[in-house]
Number of protein chains: 4
Amino acid sequence: MPASYAYLGPEGTFTEVALRTLPEAATRELAPMVSVPAALDAVRSGEAEAAFVPIENSVEGGITTTLDELVAGAPLMIYREVLLDITFALLVRPGTKLGDIKTVTAHPAAQPQVRNWMRAHMPDVTWESSASNADGARLVQEGRFDAAFAGAFAASTYGLEPLVTEIHDAENAQTRFVLVGRPARPAAPTGADKTSVVIWQREDHPGALMELLQEFAIRGVNLMLLQSRPTGKGIGDYCFAIDAEGHISDRRVAEALMGLKRACPQVRFLGSYPRAGVAVADVREPRTGTSDGEFVAASEWLARCQDGRF
Amino acid sequence: MPASYAYLGPEGTFTEVALRTLPEAATRELAPMVSVPAALDAVRSGEAEAAFVPIENSVEGGITTTLDELVAGAPLMIYREVLLDITFALLVRPGTKLGDIKTVTAHPAAQPQVRNWMRAHMPDVTWESSASNADGARLVQEGRFDAAFAGAFAASTYGLEPLVTEIHDAENAQTRFVLVGRPARPAAPTGADKTSVVIWQREDHPGALMELLQEFAIRGVNLMLLQSRPTGKGIGDYCFAIDAEGHISDRRVAEALMGLKRACPQVRFLGSYPRAGVAVADVREPRTGTSDGEFVAASEWLARCQDGRF
Amino acid sequence: MPASYAYLGPEGTFTEVALRTLPEAATRELAPMVSVPAALDAVRSGEAEAAFVPIENSVEGGITTTLDELVAGAPLMIYREVLLDITFALLVRPGTKLGDIKTVTAHPAAQPQVRNWMRAHMPDVTWESSASNADGARLVQEGRFDAAFAGAFAASTYGLEPLVTEIHDAENAQTRFVLVGRPARPAAPTGADKTSVVIWQREDHPGALMELLQEFAIRGVNLMLLQSRPTGKGIGDYCFAIDAEGHISDRRVAEALMGLKRACPQVRFLGSYPRAGVAVADVREPRTGTSDGEFVAASEWLARCQDGRF
Amino acid sequence: MPASYAYLGPEGTFTEVALRTLPEAATRELAPMVSVPAALDAVRSGEAEAAFVPIENSVEGGITTTLDELVAGAPLMIYREVLLDITFALLVRPGTKLGDIKTVTAHPAAQPQVRNWMRAHMPDVTWESSASNADGARLVQEGRFDAAFAGAFAASTYGLEPLVTEIHDAENAQTRFVLVGRPARPAAPTGADKTSVVIWQREDHPGALMELLQEFAIRGVNLMLLQSRPTGKGIGDYCFAIDAEGHISDRRVAEALMGLKRACPQVRFLGSYPRAGVAVADVREPRTGTSDGEFVAASEWLARCQDGRF
């Protein structure tokens with residue numbers, strides 16, 4: 001039985017394009033799934049080796065479905081991330097003109113990326129959400145809608161043509177995808193790594209969150225993402241998904257994680273993995289006093305103090 | 001011309017139910033709009049006096065469309081909030097049984113609130129998103145889908161019947177709605193108030209966000225919400241929507257806001273307004289040293305020091 | 001050769017009285033020395049096993065000579081502390097009346113403890129410093145001064161009589177003494193311990209000292225003393241002698257010390273030893289998240305994360 | 001009656017030399033006093049316009065008598081500071097050789113500045129404290145001691161000769177003196193100013209002092225001195241004398257002082273005055289967000305928010 005990667009389908013979406021940029025994807029069977037939960041459940045059940053799902057985009061922010069699935073249920077771990085530039089094409093049946101379009105569809109996540117363009121170019125067109133961008137294209141093919149926003153690469157699959165391309169409200173629109181598997185030893189650090197963790201707060205007093213962020217700050221660990229997610233226990237009850245620079249095998253990161261573990265009622269480690277789009281040479285040197293060598297030196301000094309050898 | 005409140009339509013959704021709990025709604029014309037942006041644009045253009053939209057729910061977190069609309073564009077201000085318990089009914093055409101259902105629809109925001117219930121009770125049913133829960137009910141009426149998740153109150157409007165009621169994955173599921181208008185002097189403090197603000201970070205170094213949160217912590221101001229939203233300038237570039245306890249006329253809140261204004265390249269004040277669901281008697285006393293009286297006393301002391309009268 | 005304790009002499013001072021409260025003093029030869037540096041040099045040279053010297057008093061603060069000697073030179077370590085209530089007697093030659101006194105003497109450290117009493121009862125009397133309180137008494141015996149402030153216990157030694165007793169400007173005047181030896185493994189924790197350390201700052205920016213104190217605060221370690229001492233490199237260049245609650249074998253203390261070691265260009269450990277005058281039952285429980293058990297649990301959790309076993 | 005400056009006498013000490021560097025001293029009667037308390041009492045009683053006393057030296061640290069007198073009693077204010085390089089001469093009666101010296105004297109404050117020199121050059125000589133360095137010189141003239149450490153300028157006054165000059169254990173040994181008067185409006189800022197304040201802590205918990213230092217750090221105010229002084233209420237009960245960069249009329253300093261006033265049970269303002277030895281051009285620019293202009297802008301922004309004009 002070949003190892004397989006589940007991914008958020010259907011075929012022909014940005015997710016598949018992003019997944020195919022991973023070398024290891026070439027040797028796996030790629031299985032499109034109907035939803036992020038379905039893709040992650042396939043991993044949890046052992047049906048798939050890993051799942052590839054979007055987790056953040058530069059226009060919409062964190063993909064809440066993915067975050068919520070990682071926060072709850074059986075533990076999973078992130079092994080890889082991929083950044084993909086996102087631009088949309090307006091796909092129509094051959095012959096359709098802009099003035100002919102009355103309805104347009106796409107996945108809800110596409111909406112904030114095309115909203116301004118729609119206001120400017122098709123203010124009176126009605127938007128209806130579809131289950132995925134590829135699915136929207138299929139519905140156009142079937143005649144249910146007049147146009148779909150999707151990746152230009154989806155046009156041929158559904159017999160459509162791209163009427164307009166390079167649509168993206170924001171410059172540098174990107175989506176970040178992650179490859180998620182069952183927990184195992186994280187890959188060795190590359191020098192340009194990232195660590196993901198979810199924390200819950202113990203109590204609610206002025207400065208409570210600030211004190212948790214101090215665990216990173218005091219050890220010179222930079223935060224790249226802080227995303228609150230409701231715990232489901234009521235309005236105002238949140239946990240925080242955090243991405244920090246560095247690898248769990250870096251002492252400064254390990255110590256910060258242990259500090260959180262002590263200070264929080266619950267902490268969930270989501271993995272340490274290479275940062276996409278960042279060369280090792282571009283990673284900042286750790287702040288004075290926070291390199292592994294300095295941690296080791298401090299630890300040796302402590303041992304000498306405890307032994308009275310100084 | 002009567003003053004009007006725009007709201008996220010269509011009629012028969014939770015939003016309308018929440019809006020009608022506001023006494024002032026009884027004297028306004030209530031105008032359903034097709035989307036949150038449309039409702040807010042109606043306010044910006046002067047077409048509506050205010051807009052009533054969902055902003056946070058206890059299952060999904062911040063309603064990103066609403067947050068993003070408040071963060072960008074012409075300034076708006078929040079005047080009121082409403083909390084509404086959310087439970088769904090599964091609406092079907094009369095006679096439909098659970099086993100008959102092949103497709104179900106609702107607004108995407110409903111999905112996380114019914115996901116577990118669906119897994120348990122209709123694992124093989126296909127989900128398709130609709131523009132609103134009410135619209136989903138209409139599509140069931142028209143025969144396009146077999147069932148819709150919506151408020152039980154929507155059944156009669158669309159000639160449907162509630163097959164199952166009280167569906168909610170999480171206990172205490174609530175949605176928070178806000179009444180938004182053009183900027184004006186905030187209402188006087190009630191003693192149980194909340195202040196909303198959006199901040200942008202100046203630079204990215206270990207502790208950057210922590211330092212901003214210190215502006216609240218040092219003045220004893222408790223945070224109720226911290227929601228990151230992408231600025232649209234690329235992955236990892238975020239602003240933060242913050243809800244803090246207290247009113248902009250409380251000195252500790254005013255000083256914290258000024259501290260942020262100095263420390264941040266941009267701050268957007270979103271209003272001070274009464275907290276829904278909290279009695280004045282249940283609000284904590286300000287921490288020693290942070291009451292208005294203590295601010296005034298410190299200011300008078302400073303003036304005496306500056307004058308040499310002590 | 002019997003082991004000996006050097007102490008700040010001469011005989012008949014508060015220091016000797018305090019030293020004799022230590023059980024171990026009964027089995028040592030006690031050698032009075034002319035100064036604190038002389039007493040500590042006797043330890044450094046191996047001539048004495050330990051030195052007993054005053055380090056802090058409740059009226060004058062840190063005894064700077066002692067602090068400076070511990071901060072510089074070959075490393076020494078504190079093994080014990082003793083608290084002694086300090087009240088002075090005004091010693092005179094038999095027959096002298098208060099109105100007869102023109103000159104009074106004592107060690108300079110006594111001055112702040114009797115200053116107000118002098119203003120009230122002998123405003124026109126001239127103060128002259130002597131090398132020690134006992135030495136002052138001797139000079140009165142020799143007729144050089146009319147009166148001396150010293151412990152009442154010194155009267156008989158020098159043929160004087162206490163004209164007034166229980167003189168102390170401040171209630172609860174106490175002096176703290178320490179027993180200092182060459183570095184060795186600190187005594188095991190008793191549950192009511194104290195750790196002394198000296199730190200130097202790396203750089204001078206707003207918040208530099210605050211950041212160092214965070215190393216204690218974040219780990220729930222309470223500070224009992226923060227005493228700045230000049231480094232001798234110029235006005236404004238200081239190191240800080242710190243006493244913290246807890247023992248170097250407590251994980252929260254050990255981690256704070258390592259944090260300082262990384263953050264500071266220099267740290268000098270001065271010992272962990274039992275707190276005088278504090279019962280184990282009166283020591284506060286460590287803050288949630290800072291007990292040894294929680295440190296161990298966090299460390300084990302980290303190991304599981306690093307191994308992917310969770 | 002001419003205005004007079006009291007100073008720590010007698011004539012011929014470093015204090016007088018430092019005082020005469022102040023232009024305003026040329027037009028005042030200069031009155032030597034027997035002690036720092038006497039000099040400050042002369043100001044409190046109205047007998048003197050101001051008092052000039054040492055407050056800090058680079059070898060010994062804070063002059064505790066001066067600090068304690070400023071901390072307690074009727075409020076006083078610092079108006080000027082003077083830095084003076086300190087080197088000692090060994091003064092002897094003409095004809096005395098180094099080998100002849102059996103006893104040496106000086107004010108106790110001189111001891112740490114000559115201790116190492118004494119160990120190296122006159123290890124067997126007995127030290128006895130005198131009330132001042134000038135007084136020590138007088139006692140040598142009278143034959144009571146063989147030598148005195150004092151400023152070389154004192155030799156001629158007492159018919160002595162400097163046997164050795166330029167004695168100072170530490171390079172760059174300096175003493176800082178302050179001109180102290182009754183409270184009045186502080187002088188206008190010069191651009192290179194310093195503010196002195198004494199704070200008392202409200203409660204004793206991990207981080208208590210750190211939280212007070214945050215009041216400065218968060219507003220970008222650099223600390224130049226932090227000196228703990230016992231409150232006299234018992235071992236471990238301290239207040240803190242703080243020197244901060246900037247003037248009470250700088251908004252960042254004023255806000256930090258008000259923050260302390262709110263957070264502390266007691267704060268004593270000791271004055272804002274020009275920094276000695278620092279040119280305006282060498283003063284760092286305030287950190288971004290902490291200039292007066294940015295404070296004003298934030299205040300105006302707040303007013304607009306409170307009025308709804310934005």
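Numbered from 1 within each chain, the chains take letters A, B, ... in sequence-line order.
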Please walk me through it: do A:Leu67 and A:Val198 pass side-chain contact (heavy atoms from CB on, under 4.5 Å)?
CA-CA 10 Å; A:Leu67 286 167; A:Val198 184; over 6 Å; no

Is there a side-chain contact (heavy atoms from CB on, under 4.5 Å) between A:Ile242 and A:Ile199? Walk through the geometry before answering.
CA-CA 8 Å; A:Ile242 292 174; A:Ile199 61 176; 3.6 Å; yes

Using the rule given for side-chain contact (heavy atoms from CB on, under 4.5 Å), can you reason through B:Met118 versus B:Val104, listing the C-alpha separation, both sets of side-chain angles and the distance that settles it, and then say yes or no?
CA-CA 10 Å; B:Met118 280 184 67; B:Val104 68; 3.7 Å; yes

Would you check, one step at a time, whether the test salt bridge (charged side-chain N to carboxylate O under 4.0 Å, His left out) holds for A:Glu245 with A:Lys194?
CA-CA 5 Å; A:Glu245 281 184 11; A:Lys194 174 188 280 192; over 6 Å; no

Would you check, one step at a time, whether the test salt bridge (charged side-chain N to carboxylate O under 4.0 Å, His left out) holds for B:Arg115 with A:Asp68?
CA-CA 12 Å; B:Arg115 189 183 296 156; A:Asp68 291 348; 5.6 Å; no

Output, in order, the C-alpha distance, side-chain angles, deciding distance and verdict of side-chain hydrogen bond (donor to acceptor under 3.5 Å, both in side chains) for A:Ser196 and A:Tyr273.
CA-CA 9 Å; A:Ser196 296; A:Tyr273 46 94; 2.7 Å; yes

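Looking only at heavy-atom pairs under 4.5 Å with chain A, the residue among B:Leu212, B:Leu223, B:Leu209, B:Thr126 that has the most is B:Leu209. Top candidate by heavy-atom pairs under 4.5 Å with chain B, chosen from A:Leu213, A:Asp237, A:Val34, is A:Leu213. Most heavy-atom pairs under 4.5 Å with chain B: of the set A:Glu56, A:His205, A:Gln227, A:Arg219, this distinction falls to A:Glu56. Counting heavy-atom pairs under 4.5 Å between each of A:Pro206, A:Ser228, A:Pro37, A:Ser129 and chain B puts A:Pro206 at the top. Most heavy-atom pairs under 4.5 Å with chain A, from the set B:Asn222, B:Thr231, B:Val221: that is B:Asn222. Contact count versus chain A (heavy atoms, under 4.5 Å) is highest, among B:Gly207, B:Ala208, B:Gly277, B:Pro230, for B:Pro230.
A salt bridge links B:Arg176 to B:Asp243: one of the charged nitrogens lies within less than 4.0 Å of a carboxylate oxygen. Salt-bridge annotation for B:Glu69 and B:Arg44: present, with a side-chain N of the basic residue lying under 4.0 Å from a carboxylate O of the acidic one.
Only the backbone of B:Met224 comes within less than 4.5 Å of a heavy atom in chain A; its side chain stays farther off. Neither the backbone nor the side chain of A:Glu215 comes within contact range of chain B; no heavy atoms are under 4.5 Å apart. With a 4.5 angstrom heavy-atom cutoff, A:Thr64 touches chain B only via side-chain atoms. Proximity to chain B (any heavy atom under 4.5 Å) is shown, for A:Asn116, by neither the backbone nor the side chain. Of the two parts of A:Glu128, only the side chain, counted from C-beta on, holds a non-hydrogen atom closer than 4.5 Å to a non-hydrogen atom of chain B. With a 4.5 angstrom heavy-atom cutoff, B:Gln214 touches chain A via backbone and side-chain atoms both. The part of A:Arg144 that comes within reach of chain B is its side chain, from C-beta onward, which places non-hydrogen atoms under 4.5 angstrom from that chain. Proximity to chain B (any heavy atom under 4.5 Å) is restricted, for A:Arg284, to the side chain, taken from C-beta onward. Interface residue A:Arg229: only side-chain heavy atoms are found under 4.5 Å from chain B. Contacts of B:Tyr238 with chain A are made by side-chain atoms alone, with heavy-atom separations under 4.5 Å and no backbone atom involved. Neither the backbone nor the side chain of B:Asp85 comes within less than 4.5 Å of any heavy atom in chain A. For A:Asn57, the part lying under 4.5 angstrom from a heavy atom of chain B is the backbone only.
For B:Glu142, the CD atom counts as densely surrounded, since its 6.0 Å shell holds more than 12 non-hydrogen atoms of other residues, nucleotides or ligands.
Between the CH2 atom of A:Trp200 and the SG atom of A:Cys239 there is a distance of 5.0 Å, given to the nearest 0.5 Å.
Two residues are said to be in side-chain contact when any heavy atoms from C-beta on lie closer than 4.5 Å; A:Trp127 and A:Val114 meet this criterion.
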